[in-house]
Structures are given as structure tokens and as C-alpha cells.
**Student:** 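There's a structure below that I have some questions on.
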Amino acid sequence: MNLKTPFPDPVFARRDAFDKLRGRTRYTVDEACQGHLQAYLLRADVASGEILRLDVSAARKMPGVRAVVTASDAPHRFGIGVADQRLFATGRVRYKGEPLAAIAADTLEQAKAAALAVDVVIRPLPAVFDMAGALASGAPLVHPDWATHEVLLETRGAGRGGNLAWESQVRRGDVDAAFSRPDVTIVESAFRVGRQIHMQLEPRAAIASYADGRLHLIASTQAPWTVKNVTARALGLSPARVRVTAPAVGGGFGAKYGCTIEPYAAALALACGKSVALVPSRAEEMLSCPCRENADILIRSAVTRDGRIAGREAVVLMDCGAYGGEQIYLTTMTAHTLGSSYRLEAVRLVSRAVYTNTAPNGAFRACNGVYNIFALESHTDEICQAIGMDPVEFRRRNVLGDGDLGSTGQVFQGDVLGPMLEKMSQMRSKGATLPSDDGRLYGRATTVGTWFVFVGPSAATVNLNPDGSATLVTAGVEIGQGTMMQSLPQIVAAELGLSPCDVVVHQADTDAAGFDVGVGGGRTTVSLGAAAVAACTEIRQKLLALAARLLQAPASELSLSQGRIDRVGHPGTGMTLASLAQEAMQITGPISGSGAFTRPGVAAMDGCAAGHFLEAVDIPVFAVHDCDVAVDPATGQVEVLRYRVVQDVGRALNPSAIHGQIQGGVVQGLGYALHEEVTLAEDGAFRQAGFGSYRIPLAQDVVPVEIELHEGAPSIGPWGAKGAGEVPILNVGAAIACAVSRAIGVRVQELPLTPPHVLALLQGRKPALQLHHPQDWPARPGTNPPHSTAAVSVAG
Amino acid sequence: MIGQLWINGEWCRHDADPAAPLHRVLRENLGLTGSKDVCGEGFCGACLVQLDGAPIAACLVPVALAEGAQIVTIEGLDQDPVAQSLMAAMEAEDAVQCGMCFPGMVMTLTHLLKTCPTTDREKVKRALAGNICRCTGYERIVSAACRAAKDLVAADAQKVVA
Ligand code: FES
Ligand code: FES
């Protein structure tokens, strides 16, 4: 779509705000609290152990109890890349908090009381809580039977074995030769980040009922089709027997991208034939929430004196917890985050998902990217220091431009990051200078980052109603991002010449809407939008053919706008869409269209990627962030003074909505960079159990983000759009870390930069981070951890 | 045991445990789900209700202690002119995202606008110390409160002139 074609109605307010403000919106948690049985999960209280006895007969007899289900009710394995998980611990417990049984009773208190009556005996087994321990030789295996797990996603050349859940590799050019060149400086850096918890205000929640031989799940989910398919698989049902609907979702950020708690409610509803609600308490939610994973990153580069990157290699370890889940898939992303942004002459990357006896991790806004960009940008600053080059100048010279190769050999199109850096310089030059004479230490940094739109398959149906309005039916969910309220009705309206107010958006229902991967990866506007455009194209063709007959004019001379169809250049000569839709009743029957979209598939260079689910990215998205910070040397307190974002949006369909996403995403990133810390107790459980101990940003912690949207970068999205909701968090950890590091003159290797952490850095009390994978250095593809007895190659 | 609460101008009877937290009784017994159950510990502000005119975390109040108090929930703020002005400003600023925090935000900020009509960004931010939003990054909520303050002062001035 040519950027010159104006997009109508870029200012379109969200239609759900009025009710949300008044507390009228019914979220799943609101439906759940009356009129259903209440469910509770009995969870293991050790991190690793053998289940010697699990007797629920006494629990079944407790007052109010209607159903108890255990491993034998759901024996089937499921997973994302590898089917390594069952609904309940079966024979063996792999993390503290792993579900052992689910109970439905008339009240939650009764269900909890019944859980206490379950007779459980677990013999503790040795456990591993960190990746170093898990990859050490002789480490206890989290899945001694790993070799029997079915591999669900096909790739070429993945590594697996023991506690190594998955390994993907990138190899392009001769890295060894680059590192042995006489004219290069070699810079090596190590980084570590902990987990991040979503803390979305509405916990995960599900209500299951069973009628006419089918299950109906009302779920607070980002991915209704995933819930449908995984629930069916876990319970051994045909997916056709599971229906999932999703009301307004009270925040997701990735926590609701997988299928997690829904099958428990479903199993209980199947067992007793009554509707069952499962809503975890905040403490349970935090104990079992699929966090952003903790990660260890080792990266080194060979750089010439004039600042060219002759070679780069990195090893990224990602903790998947006790089950592979998203992390197996996300190993793929290292190539497109850590391996991106800059022109590399030769590159070798290894990305490993590692099993530990901790709660399984999952998806979180800009998965994998947030810490890899922190590592990449901090490493870039270390390079600049080593070769004595200005960090912005280094970035200007090296960022990917038109025709440059990504790590896997994909060819990037268009000069995007370069002009964005230019925009950022201009933005900065306009800002007032900050006072810097109050005894605090001041620093600033500009960082770049590359993310992508996870396009994937989507379906859409559009009905043109007899009153001239249109109804859009998809499995897309409104999780707060506004896509279902704003950009999708705007796109349908623009295609059909309607006002967005006349576009009804159907709430997600897998019985009504075709397949969709889910709301995440910045894909909703792009994939559902493109499917909706395709559906509208069918409607337009039908309308134009019909109107051509009725108005006796060639279809090519007709146009749709403002709810009418008229001859081009002769407004008012034709008819309204409503009257056309009514005429259609007699001639063709009601008018509707269906559309579909999937990723076109961009080529990588042959042989560059192994074990990857996505060898190249279809729609890259770029971001430039810049911030000023002040550090109080007495307390270690970091204050963010200014924060600026230039974001590549392709085309801004609703600038106000995008600005809202950027402000929100940056603040979530500030939490990650400065406050939010997950620590493990000796038993492998999180020490943080609520909003009191896990500190997320409050109103007083934030600043208004100064924003410029960069339009015009190539995109296959509808009207040239790209996803805009996910990427705002991408560079924040990086920008803050680089700015703080410059302010205090000490290298930053870990996040978050809490006051005690910063103080320790200032006082030289923080020992340099020693990562445990030097034996893998250099990151030779195919080198498996020493303990793995039988690494396999998964044939593709 | 039957308890009785004065909520939004009418008596509401319930049979909940007297020790049950007020927000759960509102939600589970009385169908008033505008008060959200998010942290249950007084940190997030999503459950706020007015108790005798002041916003209070309902999750910290055993229902028996709320008997005899005038309770106004978000459902009952709909007719309040200050709240209406605030909510209109929230829409005008395009502040709402997932929406879970907003009933509590409206409770806190309506009270602020009534007790401190000439507010500014700093005061609004301080007032929001007990309201968590994970989606928006707060700034638009602050802008909306300041906009509503201006609108209310302007409306008052008009009344005086008229
Ligand atoms: S639920 Fe009451 S303050 Fe969070
Ligand atoms: S809008 Fe989602 S928590 Fe505030």
C-alpha cells in the first residue's frame, strides 16, 4: 500500500473505555465469581521428587466437593516444540508448585480444605535450580526420559540432550578467521538477567462447562485456538469438541499466550458435568506464572580500528524451567535480536534452552529480545570504549541498511535504522539541557534494537449487514492493546468506505472464527488486519459487481466511500451501502467475505541456521531509544530524567493508540531495568509473592516518553502497518544500563539496577560476572554440553 | 447469619462470613464486580470503594466492619458530577487500556479532585501511590486528572457568573 493513499479516520477512540471506567466490563474473573463451582489446584511442595503415594479418596468425601482429577484423568503429553509436559506431575515432581490434583467444590474454601485431605507422599530427589548446575557434568536430569519425548516442530539440525531442552545455532562466514586477524580488537562481555513477572492485573482465569458432548471454555487468554488445541490434546479429546470464547482480557503481556490453567477447569467440568471456575490467587499466579526467562549471555566481537565488525559470536542460555514451553521456540529469536541490528561480516551464535527444577517460564512482551538487546547494546558500548569511538557514530556506521545481511543471511530491505538514528539526534538537539550540578552522576545513551512481527496464520470473516454496517469475525482478543477496538475496525472501514463506528467486532469464539495463532508478537494488526483486508476485498468485488448492474456503470468507475457507492467524481449519484445490501438480498443473498493470511516466508541463506523455527523474519521492526539518567552516589538511586523513542511503525493507523502502547511498554521496561527482581529461595521457589515484594513501577517512577513515529519502512502489513505494541519494551533495559554505566563509569552486567546493586557497582563491591560456559567458547555449533550422552539431531 | 450493607443508596443483604473481605462480598455475593480482586493485600488499589466518603481498599476491610458505613462503589459513582468529569477526561486523553485498574483510579482521583481542586501532576502522582497500572505507564491518567481539574474549575466559574 502506497503511503500516499490517505488512511481514513486515524483518530478513532476506543469504544470499550466508557464501560471500563465505570466498572461495567465483565472480565473472565467477574464471570467466574458467581454461579460456578470453584476449583483449586493441589501443588507439590518440593522441587524434585518421586511421588510415592497420591490418594484422593478422603478428599472426594469432603463437604461440597464435586470432582477431583489427577494425572490419570489427563495422561497425554503436550508442549510447544517438544511434548515434555503433562497436566499433573506423573510419578515425578519437577518444580515446587507443580500441580498434583485439581478439586472442584461449591466454594473455594471447601476446595482448599479438600486439598489438605489429599494423602501425598513424595520422596525428595536431587534438584538443579540454575543453568550452571543443570549443564554441569553429572547434574541430575530434570527429564531422565527426555529422549522419549515427541518433537512437535520440525527444524533442521537442532541439538537436544539431558538438561539441554533445545539448541539452535547460527553460522555465517568464517568466524575463526575473523578472530585471528591481526588488525582486530577483540572485546568480550558477559551478562545475566533474572526473570520478569507479568503482574497483569487480571490473573489467568477459566470457566469450563460441558454440554451436548462438548466443552466450552470461557478464558482470559490471548490465544483461544491454542487453548482449544492444547486442552484437547491434554485431555485426549478431539479439538472439535472444545469451544473457547474470550471476553475482554485484563492484561496479558504474554502470560496468557500459552495454554496453562484452562485444561484443569476443563478436566473438572468433564468429570462432574457442572460449570467450574478456576482463578488462581495472586500468590499462586506468581508462583506458577510463565515468566520472562532468566538468561546468561556471553558475547564477543572482533572489531577493526575503523569500527567494522569482522566477527561476532555469542552463547545465550535461556532457563525454560521444568518444561520446555515457549523457550524451546524462543531459542530461534537470538538470531533475530542479538544477531541483528548491525552488519556482521561473520557470525556464530548458539542459543540454548535449559531445563531446571523451577517453575516453567513462558512468553513476555518482546520475548528473548529484551535481554539480548541489553546485552548487545552494552557490548556495543564496551566495543566503543575499547576502540575509542563515539557510540552513536559506531552505531551510525554499522546499523543494518538496505541490502545488508542479517545473521542468518536474510537480506534486509530499506534504510531504516540509519534515518531513525538521525531523527533521534534531532529530537535530542531540541531538548533543553538538564541541570547537572546537584552532586548526582549524570549519563545518557542512545540504543538501537531490532524486533519483528510474528506474522503467522490468521482467518477473518466480514459480513455486510442489511443496515449497511459490517461485522468482523476473528479469534482476535482485546487484551488492552486496543487492536480489536481501533485498528481492526478502522481497517475494515477504510476498505469498505464505512465509518469505523459502523464496524462491529465479534468477541473471540473458536466456534465462529477461523484459526488464529493468538494475540502476541505484535501480530494482531498485521495478520488479522491482512486477513480482514482479504475478506473485504471479496466483499468489494461482490458489491461492485452488483452496483454495476443496478447503476448501469462499469465497476471500474465506481467507488466506495462514506457508506455509499457512487460513480468516481460524482458523489450522490449512486446508492447507500445499506440499500445495496438490501438489494443484494433479492439478487445474490447476503454479502460476506472471508480472508486469510499467513507469513509469506523470507529466505535465509542456506546452511546458516540450524534448529530454528523461523530462519528469517518477515517484518523486522526497529527501535531507537535514548535516555538521560541521574544516579545518586549516596543511595544508588537511579532517576530517569528524559526518555525518548523513535519507533518504526511502518505506517501509523492510529497514532494515539501507538503512543499509548509506547508509554506503557517503556514503563514496563523501566520496571525490568530498575525495580523488578525475582530471586529463588533455597528450595527453588520464588521469594516474591505479591505486589509488596515484587516492585513494579508506580506513577511517581515514570516520566512522559517523548515519541516520534517513523513511517515509510517497507512492510507487508495492511496499509503498510507494522505491529506497534510489543516493541516499545525492547530497548529499555539496554538504554538504562548504558546510561547508568556511563554515569557511574562502571560496566553494567546485570539487571535490574536496584539501588543496592548500583551502590555495589559504585563502591567496587560487585565482582565481575563469571559465566559458567567458557568451556563452550568459541561457540562452536554442534558442541553439546559435556554431560549430554545422546544429543540428537532432529531431522527436518 | 445475614449481614446488611448500605451500598450506593440502598440496603443490600448478604450471608457471607463476617470476616470475609468486603471486596469479595461485593463481587461474590452482591454481583458488584466493578471493585476488582487483584492483590488482596492493599497494594494495588483495584478494589477501592468509598467508605463514608473516603476511598478505602475494600480487600482490607472485613465485611462486618463495613456495616453502618455509607459505601459507594464504582457502580454508584456514575451519577457523581466530579467522577463524570474525570471519566470524560480519561476518554478524551485516550487513557484506558485493559481497564482493570480504572475503577480504582477513578475512586482515588475523584476524591483528589474533591479535596484538592487545584491539583497538578506532582500531586496527582502522589495521590496514585496506592494505585497500580501495568498497562498505560500512568502519564495519560495524570493528564486526565489535570484536565478534569481544569474543566471542573471552569464549570464552577461559569456557575458563579450565571
Ligand atoms: S485488591 Fe485491594 S488493594 Fe489490591
Ligand atoms: S489499564 Fe491495564 S492495568 Fe491499567
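The sequence lines fix the lettering, A, B, ..., with proteins before strands; numbering per chain opens at 1.
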**Student:** Within the side chain of Gln668(A), is there an N or O that forms a donor-acceptor pair under 3.5 Å with the backbone of Arg134(B)?
**Tutor:**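 At least one qualifying donor-acceptor pair exists.
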**Student:** With a 4.5 angstrom heavy-atom cut-off, is it the side chain or the backbone of Ile479(A) that approaches chain B, or both, or neither?
**Tutor:**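 Just its backbone gets close to chain B.
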**Student:** Under 4.0 Å between a side-chain nitrogen and a carboxylate oxygen: does that hold for Arg14(A) and Glu93(B)?
**Tutor:**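 No salt bridge links Arg14(A) with Glu93(B).
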**Student:** Provide the closest heavy-atom pair for Gly99(B) versus Tyr27(A) in the form atom of the first, atom of the second, distance.
**Tutor:** C-OH, 3.2 Å
**Student:** Mark yes or no for whether Gln34(A), through its side chain, and Glu28(B), through its backbone, hold a donor-acceptor pair below 3.5 Å.
**Tutor:** yes
**Student:** Report the distance from atom CG of Leu698(A) to atom SG of Cys133(B), rounding to the nearest 0.5 Å.
**Tutor:**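 These two atoms lie 11.0 Å from each other.
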**Student:** For His659(A), is it the side chain, the backbone, both or neither that has a heavy atom under 4.5 Å from a heavy atom of chain B?
**Tutor:** both
**Student:** Please check: side-chain N/O of Tyr138(B) versus main-chain N/O of Asp701(A), any donor-acceptor pairing under 3.5 Å?
**Tutor:** no
**Student:** Supply the atom-to-atom distance Leu86(B) CG to Leu21(A) CG, rounded to the nearest 0.5 angstrom.
**Tutor:**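 Leu86(B) CG to Leu21(A) CG: 8.0 Å, rounded to 0.5 Å.
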**Student:** Looking only at heavy atoms, which two atoms of Gly23(A) and Pro103(B) are closest? And how far apart?
**Tutor:**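 So the minimum-distance heavy-atom pair works out to CA-CG, 3.9 Å.
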**Student:** Does the side chain of Val38(B) come within less than 4.5 Å of Phe691(A)'s, by heavy atoms?
**Tutor:** yes
**Student:** May I ask you to name which of Gly664(A), Gly665(A), Pro697(A), Gly690(A) has the most heavy-atom pairs under 4.5 Å with chain B?
**Tutor:**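 Of the options given, most contacts go to Gly664(A).
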**Student:** Would you mind reporting whether Thr136(B) and Gln663(A) have side-chain heavy atoms less than 4.5 Å apart?
**Tutor:** no
**Student:** Of the listed residues (Val705(A), Val667(A), Asp30(A), Val249(A)), which shares the most heavy-atom pairs with chain B below a 4.5 Å separation?
**Tutor:** Asp30(A)
**Student:** Against chain A, label Ala129(B) side chain, backbone, both or neither, depending on which of its atoms sit under 4.5 Å from a heavy atom there.
**Tutor:** both
**Student:** Nearest 0.5 Å please: distance from the CE atom of Met199(A) over to the SG atom of Cys39(B).
**Tutor:**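 It is 8.5 Å, given to the nearest 0.5 Å.
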**Student:** Report the distance from atom SG of Cys33(A) to atom NZ of Lys36(B), rounding to the nearest 0.5 Å.
**Tutor:** 8.5 Å
**Student:** Side chains of Gln486(A) and Asp94(B), heavy atoms from C-beta outward: is any pair under 4.5 Å?
**Tutor:**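 The answer is yes; the side chains approach within 4.5 Å.
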**Student:** Within a radius of less than 6.0 Å around CD of Gln84(B), do more than 12 heavy atoms belonging to other residues, nucleotides or ligands occur?
**Tutor:** yes
**Student:** For Ala17(A), is it the side chain, the backbone, both or neither that has a heavy atom under 4.5 Å from a heavy atom of chain B?
**Tutor:**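 Both parts, heavy atoms under 4.5 Å.
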**Student:** Where does Arg126(B) contact chain A at under 4.5 Å (heavy atoms): side chain, backbone, both or neither?
**Tutor:** both
**Student:** Heavy-atom cut-off 4.5 Å, strictly under: side chain, backbone, both or neither for Val29(A) against chain B?
**Tutor:**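 Both the backbone and the side chain of Val29(A) come within 4.5 Å of chain B.
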**Student:** Is a salt bridge present between Arg27(B) and Glu31(A), judged by a nitrogen-to-oxygen distance below 4.0 Å?
**Tutor:** no
**Student:** Heavy atoms only: give me the nearest Gly137(B)-Val702(A) pair and the separation to one decimal.
**Tutor:** O-CG2, 3.5 Å
**Student:** Find the distance between OG1 (Thr25(A)) and CE (Met100(B)) and round it off to the nearest 0.5 Å.
**Tutor:**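 Between Thr25(A) OG1 and Met100(B) CE, I get 10.5 Å after rounding to 0.5 Å.
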**Student:** Tell me if the NZ atom of Lys150(B) is crowded by more than 12 foreign heavy atoms within 6.0 Å.
**Tutor:** no
**Student:** Heavy atoms, side chains only, cut-off 4.5 Å: are Arg22(A) and Glu75(B) in contact?
**Tutor:** no
**Student:** Between Arg282(A) and Asp37(B), does at least one N-O distance fall below 4.0 Å, as a salt bridge requires?
**Tutor:** no
**Student:** Answer with side chain, backbone, both or neither: which region of Phe18(A) has an atom nearer than 4.5 Å to a non-hydrogen atom of chain B?
**Tutor:** both
**Student:** Compare all side-chain heavy atoms of Arg24(A) with those of Ile74(B) and state whether any distance is below 4.5 angstrom.
**Tutor:**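 The answer is no; the side chains never approach within 4.5 Å.
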**Student:** Does Lys20(A) use its side chain to pair, donor to acceptor, with the backbone of Cys98(B) at less than 3.5 Å?
**Tutor:**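 Confirmed, Lys20(A) side chain pairs with Cys98(B) backbone.
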**Student:** Check each atom of Gln661(A) against the heavy atoms of chain B and say whether the ones under 4.5 Å are side chain, backbone, both or neither.
**Tutor:**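 Contact with chain B involves both backbone and side-chain atoms of Gln661(A).
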**Student:** Measure distances from Ile132(B) to the heavy atoms of chain A and classify the residue's part below 4.5 Å as side chain, backbone, both or neither.
**Tutor:** both
